[in-house]
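Data block below; observations after.
All residue numbers in this chain count up from 1 along the given sequence.
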Amino acid sequence: MAEHVTENGGVPLERKVMVAVDDGEYSHYALMWVLDNLEESITKSPLVIFTAQPPPSNNHSFTAGALSSARMYYSVSAIPEYTYTIQEQNKKTALALLEKAKEICAGRGVDAETLTEVGDPQTAICDAVQRLNISLLVLGERGIGKIKRAIQGSVSSYCLHNAKCPVLVVKKP
């Protein structure tokens with residue numbers, strides 16, 4: 001017999017599960033793992049699928065100017081129209097990714113909510129967890145080595161230490 005956690009009034013608590021995805025195979029594997037292994041939890045409570053869009057870059061790009069046979073490189077600030085175009089493309093890509101994930105869930109009889117936000121993935125994920133009162137965050141392990149993870153950092157490591165809920169990192173065999 002399944003045990004239901006309840007509040008003081010006897011009303012069952014909603015246990016939201018959130019899966020953070022990107023366009024990589026590891027997050028896709030994590031989503032499939034959730035659908036295969038947490039079926040009871042995600043059919044009774046909302047499944048949230050989240051992806052972060054890269055923030056606009058304030059960096060200057062460099063372009064080359066020809067000067068006879070030599071090249072000179074000079075800094076060029078991002079043109080606002082260019083930045084807007086990149087942001088719109090990132091948004092379209094994120095929405096397409098979420099739509100694909102939602103279709104996968106629907107194919108398994110799971111109605112998923114989708115959410116995308118602009119920002120650094122690790123902080124955007126943790127902020128969404130707190131704001132949405134997520135009960136379980138599921139991430140795919142990207143499979144980078146220990147040295148690269150130490151230098152670059154890892155979204156899953158950051159979330160393990162900073163998310164305000166339990167975090168499950170699904171490792172692809």
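For Val129 against Cys165, the heavy-atom pair with the smallest separation is CG1-SG, 3.5 Å. Shortest non-hydrogen contact noted between Phe50 and Met18 is CB-SD, 3.9 Å. Among all heavy-atom pairs drawn from Cys159 and Val167, the shortest one is O-CG2, 3.6 Å. Residue Ala124 comes nearest to Ala52 through the heavy atom pair CB-CB, 4.2 Å, listed as atom of the first residue, atom of the second, then distance. Smallest separation of non-hydrogen atoms from Ser135 and Pro166: O-CD, 3.1 Å. For the residue pair Ile134 and Leu136, the shortest heavy atom distance occurs at CG2-O, 3.2 Å.
In terms of hydrophobic clustering, with Ile, Leu, Val, Met, Phe, Trp and Tyr side chains grouped at heavy-atom distances under 4.5 Å, Val110 and Trp33 are assigned to a common cluster. A chain of hydrophobic side-chain contacts below 4.5 Å, direct or via other Ile, Leu, Val, Met, Phe, Trp or Tyr residues, connects Leu31 to Leu38. Under a hydrophobic-cluster definition in which Ile, Leu, Val, Met, Phe, Trp and Tyr are linked whenever side-chain heavy atoms come within less than 4.5 Å, directly or via other members, Ile42 and Leu132 are assigned to different clusters. There is no path of hydrophobic side-chain contacts, each under 4.5 Å, that joins Val169 to Leu35. If you chain together hydrophobic residues whose side chains sit under 4.5 Å apart, Met32 and Tyr26 never meet in one group.
Glu141 and Lys172 are not joined by a salt bridge, as no carboxylate oxygen comes within less than 4.0 angstrom of a charged side-chain nitrogen.
Using a 4.5 Å heavy-atom threshold, the side chains of Leu139 and Ile125 count as touching. Within the 4.5 Å cutoff, side-chain heavy atoms of Val138 are placed close to those of Val170. Counting only heavy atoms from C-beta outward, the side chains of Val48 and Val19 never approach each other to under 4.5 Å. Residues Pro121 and Tyr158 fail the side-chain proximity criterion, which asks for heavy atoms closer than 4.5 Å.
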Stepwise side-chain contact (heavy atoms from CB on, under 4.5 Å) test for Asp23 and Thr51:
CA-CA 9 Å; Asp23 61 352; Thr51 194; over 6 Å; no
Under the side-chain contact (heavy atoms from CB on, under 4.5 Å) rule, what do Lys16 and Ser45 come out as? Steps first, then yes or no, please.
CA-CA 6 Å; Lys16 289 184 184 178; Ser45 294; 5.7 Å; no
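Listed by first and then second residue, the salt bridge (charged side-chain N to carboxylate O under 4.0 Å, His left out) pairs that reach into residues 104-125 are Asp36-Arg108, Glu117-Arg131, sequence neighbours excluded.
With hydrogens and angles disregarded, no donor-acceptor distance shorter than 3.5 Å links the side chain of Thr114 to the backbone of Ile49. A donor-acceptor contact shorter than 3.5 Å links the side chain of Ser27 to the backbone of Gly24.
Glu40 CD to Asn37 CG: the interatomic distance, rounded to the nearest 0.5 Å, is 13.0 Å. Atom NE2 in His161 sits 10.0 Å away from atom OG in Ser156 (nearest 0.5 Å).
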Could you pull out all donor-acceptor pairs under 3.5 Å where a side-chain atom in residues 91-107 meets a protein atom, sequence neighbours excluded?
{"from": "Thr93", "atom 1": "OG1", "to": "Gln89", "atom 2": "O", "distance (Å)": "2.9"}

